[in-house]
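These notes concern the structure reproduced below.
All residue numbers in this chain count up from 1 along the given sequence. Note that these values count all heavy atoms, side chains included, but never hydrogens, waters or copies made by symmetry.
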Amino acid sequence: MLIDILTAAAGAAPQNKFGFKEALEQGGLIAQSTVTIMAIFSFGSFFVLFTRWSDQSKILKQYKALGAFWKANSLKEGVAKLEKTSPFRDIVEAGILAEENHGKMADSLEAHDWVHSSLARTEASIGAFLARGLPFLATVGSTAPFVGLFGTVVGIYRALIAIGLAGSASIDKVAGPVGEALIMTAIGLLVAVPAVLAYNFLQSRNKRINELLTGFSADVLAYINSKGAIKPAIASAPVKAAPAPAVKK
């Protein structure tokens with residue numbers, strides 16, 4: 001008899017039909033499409049974040065190694081000490097090429113402008129490379145809440161239909177669609193907030209890198225115009241001598 005009572009109680013236990021999986025099944029194609037779009041947005045946002053962060057970290061590391069470049073006797077000698085993938089090498093190579101061609105200018109002012117514009121073009125192309133993917137983050141941050149809101153509106157609409165068909169606003173008729181609507185809103189926020197934070201984080205680092213590139217470009221321009229007489233302070237920093245080995249008695 002005890003077994004029969006337990007079996008009957010287990011069979012009468014209510015089943016949970018309001019989970020995430022059930023919400024997607026009840027929401028149909030619209031809910032599933034909304035979640036799929038959100039998943040693409042989220043994956044793309046984290047992909048842009050990690051790839052751009054890796055590029056930025058590499059450039060900042062390369063900037064710290066410019067001391068050996070400025071200690072070289074010429075730009076051509078110093079450029080060989082820079083990594084081939086370094087944006088600072090691109091700027092130096094643009095400056096060397098502009099210096100080789102600026103002698104064709106009849107006016108000295110035009111020659112200066114030619115070198116300056118060549119460096120500026122290279123600097124702008126590097127900035128455009130670092131900005132890749134940021135418009136996607138901005139788009140996700142601004143549109144993801146509205147995509148989630150679309151799922152919310154559809155869920156509320158289904159709840160109203162259920163109420164109309166049932167003739168009463170009982171909780172079992174509206175809990176599923178309303179729960180689906182709330183899930184879509186939450187997903188939209190979970191996708192949008194990280195995208196906005198990633199955009200601001202990468203944008204601030206890009207601003208710092210652009211400042212470094214502008215300063216380096218100005219130093220290269222001064223070096224070219226002064227025929228190597230003007231170098232930044234990092235080039236004249238004294239090299240620390242290695243400690244003398246201990247003398248064994």
Leu119 vs His116, side-chain contact (heavy atoms from CB on, under 4.5 Å): CA-CA, chis, key distance, verdict:
CA-CA 5 Å; Leu119 296 175; His116 181 269; 6.0 Å; no
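- Closest heavy-atom contact between Leu189 and Pro194: O-CD, 4.2 Å.
- Side-chain atoms of Ser57 never come within 3.5 Å of backbone atoms of Ser54 as a donor-acceptor pair (strictly under, hydrogens ignored).
- Taking the side chain as every heavy atom from C-beta outward, Arg89 and Glu83 never approach each other to under 4.5 Å.
- Between the side chain of Asn206 and the backbone N or O of Leu130, at least one donor-acceptor pair lies under 3.5 Å.
- Of all heavy-atom pairs between Val79 and Lys76, the closest is CG1-O, 3.2 Å.
- The two atoms that bring Ala94 and Thr122 nearest to each other are CB-OG1, 3.1 Å, heavy atoms only.
- At distances below 3.5 Å, at least one donor-acceptor pair connects side-chain atoms of Gln56 with backbone N or O atoms of Leu202.
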Can you give me every donor-acceptor pair (side chain of residues 35-48, partner residue at least two apart or in another chain, under 3.5 Å) with its distance?
residue, atom, partner, partner atom, Å
Thr36, OG1, Gln32, O, 2.8
Ser45, OG, Phe41, O, 2.8

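- Of the inter-residue distances, the one linking Leu66 atom CG with Lys64 atom NZ reads 12.0 Å to the nearest 0.5 angstrom.
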Tell me, with the steps shown, if Asp55 and Arg52 meet salt bridge (charged side-chain N to carboxylate O under 4.0 Å, His left out).
CA-CA 5 Å; Asp55 293 336; Arg52 293 286 77 79; 2.5 Å; yes
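- Under the 4.5 Å side-chain heavy-atom criterion for grouping Ile, Leu, Val, Met, Phe, Trp and Tyr, Leu134 is connected to Phe50 within one hydrophobic cluster.
- In this structure, Ile126 CD1 and Asn210 CG are separated by 9.0 Å, a value rounded to the nearest 0.5 Å.
- Closest approach of Gln62 and Ser86 over heavy atoms only: OE1-CA, 3.3 Å.
- Among all heavy-atom pairs drawn from Ala222 and Ser226, the shortest one is O-OG, 2.7 Å.
- Relative orientation of the Phe216 and Phe69 rings is tilted, given thresholds of 30° and 60° on the angle between their planes.
- With hydrophobic clusters built from ILVMFWY side chains whose heavy atoms lie under 4.5 angstrom apart, Trp53 shares a cluster with Leu137.
- Between the Ser118 side chain and the Trp114 main chain, a donor and an acceptor come within less than 3.5 Å of each other.
- If you take CD on Glu123 and CZ on Phe88, they are separated by 10.0 Å, rounding to the nearest 0.5 Å.
- Leu149 and Val196 end up in different hydrophobic clusters when Ile, Leu, Val, Met, Phe, Trp and Tyr side chains are linked at under 4.5 Å.
- Closest of all the heavy-atom pairs between Glu99 and Leu75 is OE1-CD1, 4.4 Å.
- From Thr214, atom OG1 reaches atom CG of Asp219 across 11.0 Å, with rounding to the nearest 0.5 Å.
- Note that CG of Leu60 is 6.5 Å distant from CG of Leu212, once rounded to the nearest 0.5 Å.
- Other residues, nucleotides and ligands contribute only 12 or fewer heavy atoms inside 6.0 Å of the CZ atom of Phe150.
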Going through the checks in order, is the side-chain contact (heavy atoms from CB on, under 4.5 Å) test met by Leu49 and Phe201?
CA-CA 9 Å; Leu49 172 61; Phe201 173 72; 4.1 Å; yes
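- With rounding to the nearest 0.5 Å, the separation of CZ in Phe129 from CD1 in Ile59 is 7.0 Å.
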Run the side-chain contact (heavy atoms from CB on, under 4.5 Å) test on Lys207 and Glu211 for me, step by step, so that the C-alpha distance in whole Å, both residues' side-chain angles and the decisive distance to 0.1 Å come before the verdict.
CA-CA 6 Å; Lys207 183 178 180 181; Glu211 292 174 355; 4.0 Å; yes
